[in-house]
Colleague: 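Supplied in structure tokens, the structure appears directly below.
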There are 2 protein chains.
Amino acid sequence: MKLHVSPDTFPPRGHEAKRISIVDAAAGVFCREGYAGANIDLIAAEAGVSRQTVYNHHGDKEKLFVAVVRDLTERCNAGIFATIATFPDQPKDLEADLIGFAVRLNQNCICNRDGKFLRKLIQTEGERYPELFAEWLEQGPGRTWPAIAARFARLAYGGYLAIEDPDVAARQFLGLVNAELQTTFMLGGTPSEDEVLQSATNGVRTFLRAFGKRRSVTSVEKQAALAGT
Amino acid sequence: MKLHVSPDTFPPRGHEAKRISIVDAAAGVFCREGYAGANIDLIAAEAGVSRQTVYNHHGDKEKLFVAVVRDLTERCNAGIFATIATFPDQPKDLEADLIGFAVRLNQNCICNRDGKFLRKLIQTEGERYPELFAEWLEQGPGRTWPAIAARFARLAYGGYLAIEDPDVAARQFLGLVNAELQTTFMLGGTPSEDEVLQSATNGVRTFLRAFGKRRSVTSVEKQAALAGT
DNA sequence: GACGAATTAGACAAGAGTGTCTAAATTTGT
DNA sequence: ACAAATTTAGACACTCTTGTCTAATTCGTC
């Protein structure tokens with residue numbers, strides 16, 4: 001049997017599968033125990049490899065940590081950009097489409113395993129290893145916020161929204177759609193799908209009450225728009 | 001000289017001053033290094049006491065950690081309730097008064113040293129010591145959110161706001177006024193006063209665009225209110 | 001100033017964790 | 001099937017941290 005088996009096999013088979021298993025297990029242990037509290041024996045056990053194999057692949061603990069952060073950063077950034085690509089530039093139903101976008105943001109980027117892990121590591125180790133997270137900052141928030149803001153600006157230009165500053169609007173959008181989830185996030189929990197949907201729904205409705213200009217806005221705002229023109 | 005000198009004196013003089021200095025230094029070290037990474041030698045050095053004195057006061061590392069969390073929890077909860085007491089129930093200028101409230105929330109409860117420390121410890125150690133933070137959860141968010149929501153309900157009852165669910169409105173208020181500060185928070189930084197004021201100002205304006213009903217609302221909403229009646 | 005309490009400095013034992021090594025076993029690639 | 005590469009298991013040396021102890025010193029109270 002020369003078949004390369006997926007990393008779901010335990011213990012993992014093959015050089016690449018072992019590497020993935022090590023990084024994956026290490027991510028979990030670093031998040032759970034912190035960098036200082038994580039030990040190589042535990043990571044090796046959870047990865048299903050020997051301790052020496054961990055060293056064979058990564059040299060030392062710090063290099064393993066760097067590899068973990070790199071992996072998470074890459075995957076999270078990819079996930080965010082893929083989700084931004086689904087932003088509703090030409091919405092059929094603005095409210096429903098923005099709710100869908102907010103839910104996808106949460107499910108694909110924030111509440112998923114990678115998102116939770118990266119956020120946790122930034123919070124716990126970010127100040128101790130600033131250079132390590134600088135790339136995340138530059139490739140992550142440094143590019144995603146302008147990209148999201150541009151999408152909101154486009155909606156404004158298309159007559160759907162009345163916003164003054166797309167950057168502020170983008171950040172307030174996220175603040176609103178996640179308003180009811182912050183305590184859960186702080187405690188490291190994962191909100192249920194219902195909770196995500198509810199927070200997104202309430203948040204988008206408030207956002208559109210403040211900024212919405214067209215169909216899918218409420219009757220009051222609808223009358224205001226007519227009276228304003 | 002039998003004068004009790006304040007804990008600003010280094011090394012601290014007197015039993016109580018030493019206890020305060022130890023807990024204070026430990027808070028900083030636990031936040032900076034994490035629980036596992038914090039060592040008693042470092043805490044003792046930063047407290048200006050001997051290592052044995054740390055043990056004399058607190059028995060062991062875990063008990064010291066518990067004392068730190070208890071202190072922070074107590075002070076943060078007191079700070080929040082004191083700030084909620086300044087909520088503008090009868091605003092002269094709703095927008096300005098809500099901005100003032102948001103700024104005070106940030107300065108007294110979120111961005112101050114205690115708030116930052118407690119938040120950091122919850123994020124880094126909360127999952128490992130859930131029973132330790134249960135009290136914070138119950139006495140903190142479990143009581144502050146209903147209290148803030150009640151204040152917003154009162155504003156609604158007074159005709160200032162049109163909200164459906166005061167609990168949701170309260171959470172969205174906080175999400176909005178801090179929308180532009182989240183990256184700074186995540187990285188453990190402290191926003192400047194200007195940044196706090198700007199985020200609060202933008203957030204309150206959006207909040208009032210969505211929910212405001214009376215004076216201090218924008219012209220558009222003012223006309224909507226007149227047209228609505 | 002006397003006295004008891006608290007603190008300090010230094011030392012110790014024990015355990016935990018890191019990284020390295022050796023030799024045997026297993027896996028992989030041809 | 002075989003050789004090379006990788007992994008494993010076990011051991012080791014070293015450092016660091018924790019908690020504890022002793023004796024001297026300092027502090028606080030009367």
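Fair warning: this is a prediction, and the values are worked out from it, not measured in the lab. In the text below, chain A, chain B and the rest are named by the order of the sequence lines, each starting its count at 1.
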Colleague: Quick one: B:I40 CD1 to D:dG19 C1', roughly how many Å, whole number?
Modeller: 9 Å
Colleague: Please report, rounded to the nearest Å, how far the P atom of C:dA16 is from the CG atom of A:N39.
Modeller: 11 Å
Colleague: Whole Å only: how far is the NZ atom of B:K61 from the P atom of D:dT18?
Modeller: 4 Å
Colleague: Is B:H58 touching bases, backbone alone, or none of the nucleic acid, heavy atoms closer than 4.0 Å?
Modeller: nothing
Colleague: Heavy atoms within less than 4.0 Å of DNA chain C: which residues of residues 28-37 of chain A have one? Give them sorted by number.
Modeller: none
Colleague: Could you check how far CZ of A:R19 sits from P of C:dT27, rounded to whole Å?
Modeller: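 Answer to the nearest Å: 21 Å.
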Colleague: For A:E127, is there an ion pair with B:R32 - N to carboxylate O distance below 4.0 angstrom?
Modeller: no
Colleague: Which angle, to the nearest 10 degrees, lies between the helix axes at the two ends of the helix from C:dG1-D:dC30 to C:dT30-D:dA1, each defined by five pairs?
Modeller: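 Here the helix ends are tilted 40° relative to one another.
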Colleague: Would you tell me if any nitrogen or oxygen in the side chain of A:H57 comes within less than 4.0 Å of OP1 or OP2 on D:dT6?
Modeller: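 No.
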Colleague: Would you find more than 12 non-hydrogen atoms of other residues, nucleotides or ligands less than 6.0 Å from A:R70 atom CZ?
Modeller: no
Colleague: Report yes or no: do B:Q182 and B:N178 form a side-chain donor-acceptor pair below 3.5 Å?
Modeller: no
Colleague: Within this structure, what is the CZ-to-C1' distance between A:R13 and C:dG29, rounded to whole angstrom?
Modeller: 14 Å
Colleague: Distance check needed: C:dA16 P versus A:L42 CG, whole Å only.
Modeller: 14 Å
Colleague: Please tell me if B:H15 has a side-chain N or O lying less than 4.0 Å from either OP1 or OP2 of C:dT7.
Modeller: yes
Colleague: B:A38 near the nucleic acid: base, sugar-phosphate alone, or nothing, with a heavy-atom cut-off under 4.0 Å?
Modeller: sugar-phosphate
Colleague: For the residue pair A:H15 and A:H57, categorise the inter-ring angle as parallel (less than 30°), tilted (30 to 60°) or perpendicular (more than 60°).
Modeller: parallel
Colleague: Kindly give the atom pairs (protein nitrogen or oxygen, nucleotide nitrogen or oxygen) under 3.5 Å for nucleotides 9-14 of chain D.
Modeller:
none

Colleague: Answer yes when A:R151 and A:D89 have at least one side-chain N-carboxylate O distance shorter than 4.0 Å, and no when they do not.
Modeller: yes
Colleague: Would you kindly give the CD1-to-C1' distance between B:I22 and C:dA6, to the nearest whole Å?
Modeller: 11 Å
Colleague: With a 4.0 Å cutoff (strictly under), does any side-chain N or O of B:N56 reach OP1 or OP2 of C:dA6?
Modeller: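 Checking B:N56 against C:dA6: no side-chain N or O falls below 4.0 Å of OP1 or OP2.
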Colleague: Taking the side chain as every heavy atom from C-beta outward, state whether A:V177 and A:V196 have any pair of such atoms under 4.5 Å apart.
Modeller: no
Colleague: Charged N to carboxylate O under 4.0 angstrom, A:D24 versus A:R19?
Modeller: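 No salt bridge links A:D24 with A:R19.
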Colleague: When you get a sec, tell me which of D:dT20, D:dT8, C:dG19 is the closest nucleotide to the side chain of B:Y55?
Modeller: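 Between D:dT20, D:dT8, C:dG19, the one nearest the side chain of B:Y55 would be D:dT20.
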Colleague: Evaluate the ring planes of B:Y35 and B:F30, with Trp represented by its six-membered ring, and classify them as parallel (under 30°), tilted (30 to 60°) or perpendicular (over 60°).
Modeller: parallel
Colleague: Select one nucleotide: of C:dG19, C:dT8, D:dG19, the one nearest the side-chain heavy atoms of A:D60.
Modeller: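 Of C:dG19, C:dT8, D:dG19, C:dG19 is nearest to the side chain of A:D60.
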Colleague: Within the side chain of B:R104, is there an N or O that forms a donor-acceptor pair under 3.5 Å with the backbone of B:T86?
Modeller: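 Yes, B:R104 side chain to B:T86 backbone: donor-acceptor pair under 3.5 Å.
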Colleague: May I have the distance from B:E62 (atom CD) to D:dT17 (atom C1'), rounded to whole angstrom?
Modeller: 16 Å
Colleague: Applying ring pair (Phe, Tyr, Trp, His ring centres under 6.0 Å), run through B:F211 and B:F173 and close with a yes or a no.
Modeller: CA-CA 10 Å; B:F211 298 123; B:F173 177 80; over 10 Å; no
Colleague: Please determine whether a side-chain nitrogen or oxygen atom of B:K18 lies at a distance below 4.0 Å from atom OP1 or OP2 of C:dA5.
Modeller: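 Checking C:dA5 against B:K18, no side-chain N or O comes under 4.0 Å of OP1 or OP2.
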Colleague: With a 6.0 Å cut-off on the ring centroids, do B:F65 and B:Y129 count as close?
Modeller: yes
Colleague: Between A:T53 and A:K18, do the side chains contain a donor N or O and an acceptor N or O under 3.5 Å apart?
Modeller: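 No donor-acceptor contact under 3.5 Å links the two side chains.
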